[in-house]
Structure formats: structure tokens, C-alpha cells
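Everything numeric in this text was worked out from a predicted model, so none of it was measured. Indexing begins at 1, ligand by ligand and atom by atom, following the structure's order. We're numbering straight along the sequence, starting at 1.
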Amino acid sequence: MRLENEIAFVTGSARGIGREIAETFAREGALVIISDIKLEDCQATAAEIAAKGYRADAFACNVTLSQDVDKTIDAIIEKHGRIDILVNNAGITRDGLFLRMKEDDWDAVINVNLKGTFNACKSVSRVMLKARKGKIINIGSVIGVMGNAGQANYAASKAGVIALAKSLAREFASRNITVNAVAPGYIKTAMTDKLSDEVKNKILEAVPLGRMGLPQDVANVCLFLASKEADYITGQTVLVDGGMVTY
Ligand code: NDP
């Protein structure tokens with residue numbers, strides 16, 4: 001049990017990679033807080049995890065709304081007392097070539113991916129700073145490292161959460177809080193299922209390991225970074241991309 005008695009808050013965890021991260025943490029002994037926009041979705045996922053014999057609770061939270069985030073964190077603290085691990089996973093795409101990109105598409109992606117991560121870090125770090133203990137993991141993307149035509153908004157938001165992790169790592173290190181980023185490549189979820197076969201095949205040509213990643217591939221790295229085994233690692237970005245980017 002690598003996360004025995006830890007309490008983990010994972011944003012956007014009703015489905016996809018966030019859900020896999022939460023379930024992986026729960027299997028390792030953590031109480032996981034499933035959080036997403038719709039309460040019914042959070043409750044359904046938490047119930048499925050609990051039905052497997054693990055510990056999960058559900059709190060709705062739209063990460064774009066700072067007051068909503070603060071209220072949620074206060075409610076979690078009131079009920080469970082602490083938050084030891086924060087995973088900033090909630091994320092969206094609104095792809096389009098830059099010249100045709102609407103301001104709304106830019107704002108929506110920056111608001112969820114970057115501002116949402118800021119809101120959750122701001123609220124949860126209050127608790128962690130007092131406790132002098134914490135692990136924060138920002139889910140970035142390989143696109144935030146290498147850029148991508150048609151994803152300027154997404155790339156900028158993900159480069160932002162990676163840089164935010166590096167900065168907070170320096171600010172929070174003296175309080176025993178580590179902050180790292182995980183940058184997945186192309187992972188099989190609802191977000192990538194909507195890509196055409198042609199795009200998927202093109203992507204696979206750029207992946208040395210020759211396959212799309214699985215949510216579990218990302219969750220495994222998050223588990224390591226959330227565990228005591230990673231106590232001396234902070235400000236880092238771990239790419240989980242089948243070898244697409246090496247540096
Ligand atoms: P999904 O779209 O499957 O899941 C994203 C989750 O975030 C959904 O549950 C969604 O809720 C939730 N969400 C969206 N907006 C908000 C919000 N404002 N507040 C709270 N929750 C919200 O995506 P993935 O699982 O594929 O992606 C998870 C993370 O991994 C994202 O940050 C993504 O950018 C990143 N990533 C994914 C890659 C991939 O290949 N799949 C590659 C690289 C990075 P709802 O269902 O209600 O919309």
C-alpha cells in the first residue's frame with residue numbers, strides 16, 4: 001500500500017485519465033475524492049470504486065470558478081480533515097488552426113486547463129502549507145512541450161501548467177510540498193476517441209513504441225510522484241508519450 005491513509009483530490013475524475021488515477025490511488029490505500037462538474041457523474045464513479053472495496057467520496061467542482069473550488073475544498077476539509085495529494089487533471093480541447101481560432105475557444109481552454117489548475121493549487125495549497133505536507137501533480141501534455149498545429153490554445157495552456165509546477169515547486173519546497181507535472185502523449189480516452197482514423201494513424205507514426213498510451217500508463221507515474229518514493233523529486237515534468245519527445 002503506497003498511499004495508505006492519504007487523501008487525494010483529483011479534478012475531472014468522473015472519467016478518463018482522472019478516473020484511472022483516482023482508482024489507482026484508491027487501490028494503494030488512499031481515500032480518493034472524485035470531482036467533476038456534475039455531481040451525479042462524481043457519485044456514480046465514486047460508487048463504482050467503492051463497490052470494489054476501496055475508499056472514494058464525491059464532490060462536484062467546476063475548476064474554472066474559484067469560489068466553487070474554495071467551497072469544495074472547505075467542504076472536503078470539514079468532512080475529511082485534510083488533503084494530502086492534489087492532481088490537476090480536468091482539461092478540455094477546442095482545436096482549430098490559429099487564424100480561425102475564436103477568442104471563445106482560446107478562453108475556454110485557458111480557463112479550464114490553466115486557470116482551473118491555478119484555482120485548485122491556490123485553494124488546496126492553503127491546506128497543505130498549514131500541514132507542511134503535500135504532493136501536487138499537474139497533468140500537462142506532450143503538446144505543451146512540443147507545440148502542435150491546430151492546438152495553439154491547448155499547447156499554451158499545457159505549457160502553462162508545466163511552468164506553474166516548476167514555479168510552485170520552488171515556492172513550496174521549504175514546506176515539504178512537492179509539485180511536478182506529468183505530460184501524457186496520445187492516450188486512449190474520450191478526448192482522443194473523437195479523432196479520425198487518419199489522424200490516429202498519423203499520430204502513431206510519430207510514437208516510437210507504436211501504440212497509443214493507456215490511462216493506466218499515466219496513472220502509474222502519478223502514483224509514483226504521489227508516493228513517498230518521490231519525496232526528493234520536485235519541479236519535474238515526466239513525459240508518458242511512448243518516446244515521442246526526448247530531451
Ligand atoms: P476526458 O475528456 O476523458 O476527461 C476530462 C474530464 O475533465 C471530464 O471528466 C470532464 O468532465 C472534466 N472537466 C472538464 N471541464 C471541467 C471543469 N471546468 N471542471 C471540472 N472538471 C472538468 O479527458 P482525458 O481523460 O483524456 O484527459 C485528462 C487530462 O489529461 C486532461 O487535462 C487532458 O488535457 C490531459 N491529456 C490527455 C491526453 C489524451 O491523449 N487523452 C494527452 C495529454 C494530456 P465532463 O465529462 O463533465 O466534461
Nearest heavy atom to [atom] wins, so pick from [options].
atom: atom 28 (C) of ligand 1; options: Asn89, Val63, Thr45; answer: Asn89
atom: atom 5 (C) of ligand 1; options: Ala190, Gly16, Gly91; answer: Gly91
atom: atom 45 (P) of ligand 1; options: Asp36, Val87, Val10; answer: Asp36
atom: atom 14 (C) of ligand 1; options: Ile92, Asn62, Thr11; answer: Ile92

To the nearest 0.5 Å, what is the distance between [atom1] ([X]) and [atom2] ([Y])?
X: Leu164; Y: Lys158; atom1: CG; atom2: NZ; value: 11.5 Å
X: Arg19; Y: Thr24; atom1: CZ; atom2: OG1; value: 10.5 Å
X: Ile83; Y: Ile77; atom1: CD1; atom2: CD1; value: 4.5 Å
X: Lys38; Y: Cys61; atom1: NZ; atom2: SG; value: 14.5 Å

For [atom], what is the closest protein heavy atom, and at what distance to 0.1 Å?
atom: atom 43 (C) of ligand 1; result: Pro184 O, 3.4 Å
atom: atom 38 (C) of ligand 1; result: Gly185 O, 3.9 Å
atom: atom 24 (P) of ligand 1; result: Thr189 OG1, 3.6 Å
atom: atom 30 (O) of ligand 1; result: Ile139 CG2, 3.4 Å
atom: atom 22 (C) of ligand 1; result: Ala90 CB, 3.7 Å
atom: atom 33 (C) of ligand 1; result: Tyr154 OH, 3.5 Å
atom: atom 46 (O) of ligand 1; result: Arg15 NE, 2.7 Å
atom: atom 40 (O) of ligand 1; result: Ile187 N, 2.8 Å

[X] heavy atom under 4.0 Å from ligand 1:
X: Pro215; answer: no
X: Ala183; answer: no
X: Lys158; answer: yes
X: Gly213; answer: no

Could you tell me whether the side chain of [X] and the main chain of [Y] form a donor-acceptor pair under 3.5 Å?
X: Thr45; Y: Cys42; value: no
X: Ser227; Y: Glu229; value: yes
X: Asp84; Y: Ile7; value: yes

Inspect the contact between [Y] and [X] and indicate whether a charged nitrogen and a carboxylate oxygen are less than 4.0 angstrom apart.
X: Arg15; Y: Asp41; result: no
X: Glu6; Y: Lys135; result: no
X: Asp217; Y: Lys188; result: no
X: Asp104; Y: Arg94; result: no
X: Glu198; Y: Lys202; result: no

Need the ligand 1 atom indices (1-based, order shown) with element for anything under 4.0 Å from a heavy-atom of [X].
X: Cys61; value: 19 (N), 20 (C)
X: Thr192; value: 39 (C), 40 (O), 41 (N)
X: Gly140; value: 44 (C)
X: Ser141; value: 43 (C), 44 (C)
X: Thr64; value: 18 (N)
X: Tyr186; value: 40 (O)

For ligand 1, note which part of Val112 has a heavy atom under 4.0 Å away: side chain, backbone, both or neither. side chain
One residue to check: Ile17. Relative to ligand 1, which of side chain, backbone, both or neither has a non-hydrogen atom less than 4.0 Å away? both
Given the options Asn119, Asn138, Thr117, Asn88 meets side-chain hydrogen bond (donor to acceptor under 3.5 Å, both in side chains) only with Asn138
Please check if atom NZ in Lys71 has more than 12 non-hydrogen atoms from other residues, nucleotides or ligands closer than 6.0 Å. no
